[in-house]
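Notes follow once the structure below has been shown.
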Amino acid sequence: MSELLAIRREKLQAIRAMDVRAYEYEFQRTHTTTEIIQQFDEITEKVVVRTAGRIMAVRKMGRASFCHMQDESGRIQIYVQENSVGSRGYELFGLLDIGDIIGIVGKVFRTRTGEVTILVDELHLLAKNIRPIPIVKEKDGQVFDAFTDKEQRYRQRYLDLMVNPEVREVFRTRSRIIQWTRDFLNERGFLEVDTPILQPIYGGANARPFKTFYNALERDFYLRIAVELYLKRLIIGGFEKVYEIGKNFRNEGLDRSHNPEFTLLEFYQTYVDYNYMMDFVEQYFRFLCAKLEKSKLPFGEYEIDFSQPFPRRKMFDLIREYAGEDVANYSESELKVLCQKKGIELKPDDNYGKFIELLFDNFVEPNLIQPTFVIDYPKAISPLAKSKRDGSVAIVERFELYIAGHEFVNAFSELNDPIDQRERLEQQNRLRESGDEEAQTMDEDFVTAMEFGMPPTGGVGIGIDRVVMLFTNQVSIKDVILFPQMRT
RNA sequence: GGGUGCAUAGCUCAGUCGGUAGAGCAACGGCCUUUUAAGCCGUGGGUCGCAGGUUCGAUCCCUGCUGCACUCACCA
């Protein structure tokens, strides 16, 4: 390695000895590499093109050489001939390496085998590479010696992006999905807002937070785990459709569907309920499908079909179907016995809501492959959702959308009764005090805000990273986050 | 946090039933002005993840650690 580095530094010195600037200030381009290929018929042999990029492959043949250079749009072959660039130009070329950034001036032709190629008249070094990049070769679509080491790809994402074009494509799609999401909401009259990431009290979800110390205020602050309570304050303030897309932070383990900082979309609309929001969410997924011109998506071992209406299934019905037990009227202790009978591992402080969740996660969730709305959750695990309007005391109007066995969306008819809300958060507080680290906290200001009057509201949260995974067919969240969390 | 597996050259990988390692590509030197995984000839390159232990001797066996992958737990 040190030998390889030393050789490149020697070349850098040799380049400087030629009085050539190794790190240029600017270069005017007329075309990207892809534009040259697309416009070949109009510009061939006539137009002088100027383009820039990174040298990705070199084939030297004495006094002439072929290279491939790559820019963001793609890559193109260039032909560097001593006759064209001159002896000094070719001497400089001899000191270049794969990985160097160059700008070239020349005219376009086709080689014998038909590849669009630039005959280089001027060669400009724009940035000298002094550390070798991974070499990936390719023939007839087959890739050789691909740069595949996951650890290196994530830790040095720039190399991954440099040499793995399909990775660039995933992140372009990610960007477009987020843009389309904004379009979808903006077109429907939603207002995008920013709410605090550093919060004195965290809330809006059941999760452990990251804690930090705010020196000036001399107290602990938390990185947000959700934006829910702030967006509801805005609803109370009079905005009728709001949304936020941003990072949330949950102090939990890493695995292929969890990164501690992740991108969450939440949106809230007044005067609608969870039924409206189910339609809305279904439209949203169809909207993304339309943008990507797909109605069926390959995802891991499955093919997900968005063309059919998403079934809406009651949670207890699904548990009855897949676990073979009607638990709708079970008491906490009956549920505990059932879980034990089913071989589910329990923790000492698990309670009614937890038992239901465990049954659902173990028996139902893996079976929900095609998009399915699970509706009507236990109140015990939904402290921010409104009770079911039919009078069921233990059920709330909540849905989650499951696809490929994973939760993608969580939504409620939002609780807007301040007295009920206070009781629910007090109940959460009691759970916390008895050891449930993920129970929610009492947020006095939030409840106070609700006391001023909150309109009926439908609210939705969507894990954007997972949506990107789905639409790019990536089974690991690390493959849709540019710089995933790694152990240091 | 638990379990399983992996860690060898810049990249992708062999290999040593324990005797300090090899290929292709990349690099370096030579030939070559339409090649394209360019080709041909030659050369160099590794504290075999880290730290201990066993042994005459460890990259290989054992223990611990670190990182990654898969998986369970937890969550989105």
Side-chain angles (χ1 to χ4, degrees), chain A residues 1-8 10-11 56-68 75-85 90 97-99 109-115 117 119 129 131-156 159 163 204-208 225-226 248-266 344-347 350 354 357-358 361-362 381 400-402 406-410 436-438 461-467 469 475-478 484 486-488:
Chain A
M1 186 62 192
S2 57
E3 179 203 2
L4 298 176
L5 298 182
I7 288 165
R8 298 218 174 182
E10 284 162 19
K11 287 180 177 177
M56 297 302 288
V58 178
R59 293 177 290 281
K60 288 192 182 181
M61 293 175 304
R63 296 179 182 281
S65 300
F66 288 93
C67 301
H68 272 97
R75 51 172 68 184
I76 194 167
Q77 180 166 257
I78 65 174
Y79 187 42
V80 184
Q81 209 177 210
E82 189 173 52
N83 287 355
S84 298
V85 296
Y90 207 71
D97 291 292
I98 291 172
F109 71 105
R110 273 190 204 276
T111 62
R112 278 180 199 145
T113 53
E115 180 163 354
T117 301
L119 176 60
N129 162 299
R131 187 178 289 272
I133 71 171
I135 306 295
V136 179
K137 298 215 171 191
E138 191 187 331
K139 186 187 188 181
D140 301 330
Q142 201 183 346
V143 177
F144 299 85
D145 298 335
F147 180 59
T148 53
D149 184 285
K150 282 191 180 259
E151 181 167 4
Q152 259 195 93
R153 286 183 44 222
Y154 299 143
R155 289 189 193 276
Q156 294 181 283
L159 291 177
V163 304
N206 294 67
R208 286 149 69 189
I225 58 171
N248 284 259
F249 308 85
R250 297 188 185 175
N251 208 336
E252 291 154 0
L254 297 154
D255 65 29
R256 66 183 195 160
S257 56
H258 297 87
N259 196 64
E261 63 177 283
F262 64 103
T263 301
L264 190 63
L265 162 67
E266 290 191 36
I344 296 171
E345 237 177 87
L346 299 178
K347 289 177 183 168
D350 285 347
K354 189 72 201 177
E357 263 189 325
L358 286 167
D361 292 350
N362 279 282
I381 54 172
E400 294 190 338
L401 175 63
Y402 279 84
H406 283 104
E407 181 191 339
F408 279 74
V409 179
N410 181 23
D436 183 349
E437 288 186 83
E438 293 178 351
I462 301 181
I464 291 295
D465 307 289
R466 293 202 174 160
V467 172
M469 288 166 69
V475 292
S476 171
I477 199 168
K478 286 189 167 72
M486 301 292 276
R487 290 176 197 277
T488 51

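Residue numbers begin at 1 in each chain, while the letters A, B, ... track the order of the sequences. Basis for what follows: all heavy atoms, side chains included, without hydrogens, waters or symmetry-related copies.
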### Query
Looking at the side chain of A/Arg112, which of B/A69, B/U35, B/A37 is the nearest nucleotide?
B/U35

### Task
Report yes if at least one side-chain N or O of A/Arg59 is closer than 4.0 Å to OP1 or OP2 of B/A38; otherwise report no.
yes

### Message
Give me the distance, rounded to whole Å, that separates B/U35 from B/U47 when you measure between the P atoms they each carry.
### Response
40 Å

### Task
Give the minimum heavy-atom separation between A/Thr117 and A/Gln77, together with the two atoms involved.
OG1-NE2, 3.0 Å

## Note on the structure
Taking every heavy atom of A/Ile462 against every heavy atom of A/Leu264, the minimum-distance pair comes out as O-CD1, 3.4 Å

### Query
If we take the P atom in both B/C28 and B/G10, what is their distance in whole Å?
15 Å

#### Entry: Under 3.5 Å donor-acceptor pair, A/Gln77 side-chain atoms to B/U35 base atoms
yes

### Task
Could you tell me whether the side chain of A/Val163 reaches within less than 4.5 Å of the side chain of A/Met56, counting heavy atoms only?
yes

### Query
What residues, two or more places apart in sequence or in another chain, satisfy side chain to side chain donor-acceptor pair (under 3.5 Å) together with A/Tyr90?
A/Ser65

#### Entry: Short side-chain N/O contact to B/C11 OP1/OP2 from A/Gln152, under 4.0 Å
yes

### Residue closer to the 5' end of RNA chain B, A/Asp465 versus A/Glu151 (nearest nucleotide)
A/Glu151

### Message
Give me the atom names and distance for the closest heavy-atom approach of A/Val136 to A/Phe147.
### Response
CG2-N, 3.9 Å

### hbond_proxy A/Thr111 side chain to B/U35 base (donor-acceptor, 3.5 Å cutoff)
yes

### Message
Distance check, C1' atoms only: B/A58 and B/U63, in whole angstrom units.
### Response
14 Å

### Message
I'd like the C1' distance from B/G24 over to B/G64, given in whole Å.
### Response
36 Å

### Task
Using the C1' atom on both, measure B/G46 against B/A27 and round to a whole Å.
15 Å

### Euclidean distance for P, B/C32 against B/G15 (whole angstrom)
41 Å

### Query
What does nucleotides 22-31 of chain B look like as a protein-contact string, B for base, S for sugar-phosphate only, - for none, at under 4.0 angstrom between heavy atoms?
--BSSSS---

### Query
Would you say A/Arg8's side chain and A/Asn129's backbone share a donor-acceptor pair under 3.5 angstrom?
no

### Query
Does A/Phe66 stack onto the base of B/A38, taking stacking as ring centres under 5.5 Å apart and planes under 30° apart?
no

### Message
Nearest to the side chain of A/Thr148, heavy atoms from C-beta on, is which of B/A73, B/U12, B/U33?
### Response
B/U12

### Message
Please give the distance between the C1' atoms of B/G44 and B/G2 as a whole number of Å.
### Response
47 Å

### Query
Do you know which two heavy atoms are closest between A/Lys478 and A/Pro484, and how far apart they sit?
CG-CB, 3.6 Å

### Message
I want to check one thing: is the phosphate of B/G10, taken as OP1 and OP2, less than 4.0 Å away from some side-chain N or O of A/Arg131?
### Response
no

### Message
Between A/Arg250 and B/C74, is there a contact of a side-chain N or O with OP1 or OP2 at under 4.0 Å?
### Response
no

